[in-house]
Number of protein chains: 2
Amino acid sequence: MATIRDVAKEAGVSVATVSRVLNETGYVHEDTRKRVTGAMKNLNYSPNEVARSLYKKKSKLIGLLLPDITNPFFPQLARGVEDELQKGGYRILFGNSDENAEKELDYLNTFIQNNVVGIISATNNKSKTNYDGLSIPVVFLDRTSSDYPSVYADGKEGGRIAAGEIVKRGSKRITLLKGPAHIQPALDRFQGALEELSRSDIDFHVMSTTSFAFEDAEKWAKELFSMYPDTDGVLASNDIVATAILHEALRLGKAIPEDIQIIGFDDIPQSSLLFPSLSTIRQPAYEMGKEAVQLLIKLINSEPVHQQHIQMPVTFIERHTTRKVDTNG
Amino acid sequence: MATIRDVAKEAGVSVATVSRVLNETGYVHEDTRKRVTGAMKNLNYSPNEVARSLYKKKSKLIGLLLPDITNPFFPQLARGVEDELQKGGYRILFGNSDENAEKELDYLNTFIQNNVVGIISATNNKSKTNYDGLSIPVVFLDRTSSDYPSVYADGKEGGRIAAGEIVKRGSKRITLLKGPAHIQPALDRFQGALEELSRSDIDFHVMSTTSFAFEDAEKWAKELFSMYPDTDGVLASNDIVATAILHEALRLGKAIPEDIQIIGFDDIPQSSLLFPSLSTIRQPAYEMGKEAVQLLIKLINSEPVHQQHIQMPVTFIERHTTRKVDTNG
DNA sequence: TTGTATGCGTTATCAC
DNA sequence: GTGATAACGCATACAA
């Protein structure tokens, strides 16, 4: 690896001059500028970001902390983050926390140790104390916070919409699935649905799905139909769980959406490829990622920020696990 | 942020001594060691990885380059990589290349500029020249290479198995889907299937699916059934495409697996949640990620490596888009 | 057993 | 316009 010194020697100038042409700071004669850029080309020079980072006490790195990239909701988020970050020349230091406070703290520390200039975190740990005392901006993604800037979907409204739509379409014995209690967005959508359901005259059960893991989804599905066999409407905690419910319902020979209606949450890409395709509440994951980055970059640059808390809209995606509203039963 | 100098002052020793206790190198009296660790605690000191990296010319960072984390096959890989890397205290600098040579080169450059000690790349670009002249170890993941260490599944064998199984189960008019020509693993599985099919007396068509994107999957599915409406067996280029085919077949009122058998490739997590659940050729993605890291770390440490090219086994996962072999038609 | 001094590759502050 | 040089935080060779 060629260093700035090598370039300086090759071009017959001082390192200061090389640095000037590199950063386009200060005056430098056109001729020498050419000699320098020529030397850079010759030596295939590119500046050492580490040295730069050490001196300036700031890098072009940001830390991205996700609960688990294996959950199909997060790749979308991550992609939004990356695409937007790339525009500003930032790079991603990446980690999965598994919603584990210790792992989270560990990653946070190494982010700091590597001079990241900002952090985007989508973890839902109670221990926000992990973030206190950080001298760099943090924005929470898919997570509300009064203390920190955040970008999140309107889960409560999503829950309300889902409940409203399923009731409007004629389900009478609804099962409401409650996601993990420690995950705020899951709680929000649950509470929204609960609120809306309570407002109606419909019977409903609440059942807890204490994880969003693929391996467990099937278990919840079987449990649901063994406990509430006459359910004719399911409000799932997310699309994974909804997929498993759909699978099990079909396996049991139920007609969808005639016997049972199902509404998911998230609108992960594969939901439209199910058969019948899954009606769901869409969160604009990719856009949320981008939004979070835009906010973070403003913060990094100490630009004025109008909104510290950005709530993104959710929408009902009507597909084929719900009946048409005209032909409701 | 406290520096080593602050700690030294607080403990009343020199920075060298602090460095010694930090790295457990050289002798240091127990008493002073305690004073130093105490001071570290007091000041909440943790070493600056950037300075360290600059001095030692090596970091605890590795670069991970994926085609697109949004493709459900890759999160598994990524997770395997991360989990294994974590054990060694390494962190991930992450990027998606979109199989775009320019983006790839861009990421590679910034990896180098940030002093990564190794790179794992799952891109399938022809331009392996991007990697020549790198002074750090690279291992290719999900990609064969004679020039570089690599970890990949036996795609050709997978293709053979898939073809063999669908023939054995009685499909007579098979459509073989060919993935993007520039993606070697897709080509391998195609060629394996082609080979096996050619060996039989079965009629078959070949149709190209030139991308693995969700948005296109539906298009391939419709195209397939409009071009080859009497197909009774589909060998899909991956599980996404298979999912779309299944969806379309069901939509057309075909009975699965009686009218059509479908076999996918990858065994992404959601495949088992489809209905009917998808028969597929499993690649051990998570394990492949781990394997790649183990190889990379040996390379980084200049340890002897028995196998530069690790081929992982693929297996047929029999689910419900294929008929039982006893009751074949 | 401990301290001093040097350098890792850059940028920025001064002189010239 | 350009060039020395100090400094960023750390690890090491060498002295003491």
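- Contact annotation: Asn48(A) side-chain N/O to dT10(C) OP1/OP2 distance is not under 4.0 Å.
- The CD1 atom of Ile136(B) lies 9.0 Å from the CD1 atom of Ile62(B); values are rounded to the nearest 0.5 Å.
- With hydrogens and angles disregarded, a donor-acceptor distance shorter than 3.5 Å links the side chain of Ser59(B) to the backbone of Asn115(B).
- Here the side chain of Tyr27(A) is nearest to one of dT1(C), dG1(D), dT11(C), namely dG1(D).
- If you check dG3(C), dA11(D), dT10(C) against the side chain of Ser14(B), the one that comes closest is dG3(C).
- Nearest nucleotide to the side chain of Thr17(B), out of dG9(D), dG9(C), dT2(C): dT2(C).
- Residue-environment remark: CD (Glu303(B)) exceeds the threshold of 12 foreign heavy atoms within 6.0 Å.
- Rounded to a whole Å, the NZ atom of Lys56(A) is 15 Å from the C1' atom of dT13(C).
- In this structure, of dG3(D), dC10(D), dT10(C), it is dT10(C) that holds the atom nearest to the side chain of Tyr45(A).
- Taking atom CD on Glu30(A) and atom C1' on dG1(D), their separation rounds to 13 Å, with Å as the unit.
- Taking atom NZ of residue Lys9(B) and atom P of nucleotide dT4(C), one finds them 14 Å apart after rounding to whole Å.
- Applying the 4.0 Å criterion to OP1 and OP2 of dG9(C), one finds that Thr3(A) has every side-chain N and O outside that range.
- Checking side-chain atoms of Asn109(A) against main-chain N and O of Asp106(A) turns up no donor-acceptor pair under 3.5 Å.
- Nucleotide dT11(C) holds its P atom 12 Å from the CZ atom of Arg5(A), rounded to whole Å.
- The nearest whole Å value for the distance from the CD1 atom in Ile4(B) to the P atom in dG9(D) is 11 Å.
- Between the CD atom of Glu49(A) and the C1' atom of dT10(C) there is a distance of 10 Å, given to the nearest Å.
- Using a 4.0 Å heavy-atom cutoff across all strands shown, Ser19(B) reaches at least one base atom of the nucleic acid.
- Atom NZ in Lys60(B) sits roughly 17 Å away from atom P in dC10(D) (whole-Å rounding).
- One donor-acceptor pair, N or O on each side, does fall under 3.5 Å between the base of dG3(D) and the side chain of Arg20(A).
- Taking atom CG on Asn115(A) and atom C1' on dC8(D), their separation rounds to 10 Å, with Å as the unit.
- A distance-only check finds no donor-acceptor pair linking the side chain of Asp266(B) to the backbone of Ile268(B) [under 3.5 Å].
- Within the 4.0 angstrom heavy-atom criterion, only backbone atoms of the sugar-phosphate kind lie near Val13(B); the bases stay farther away.
- Using cut-offs of 30° and 60° for the angle between ring planes, the Tyr148(A) and Phe140(A) rings count as perpendicular.
- Mapped onto DNA chain C by nearest heavy atom, Gly12(B) and Lys57(B) fall at different nucleotides, with Gly12(B) at the one closer to the 5' end.
- Contact check, Thr32(B) against dT2(C): a side-chain N or O comes under 4.0 Å of OP1 or OP2.
- Relative to the side chain of Val28(B), the nucleotides dT2(C), dC8(D), dT4(C) differ in distance, and dT2(C) lies closest.
- Contact annotation: side chain of Tyr55(A) to base of dT10(C), donor-acceptor pair absent below 3.5 Å.
- You'll find that the side chain of Ala16(B) is closest to dT4(C), out of dT4(C), dT2(C), dG9(C).
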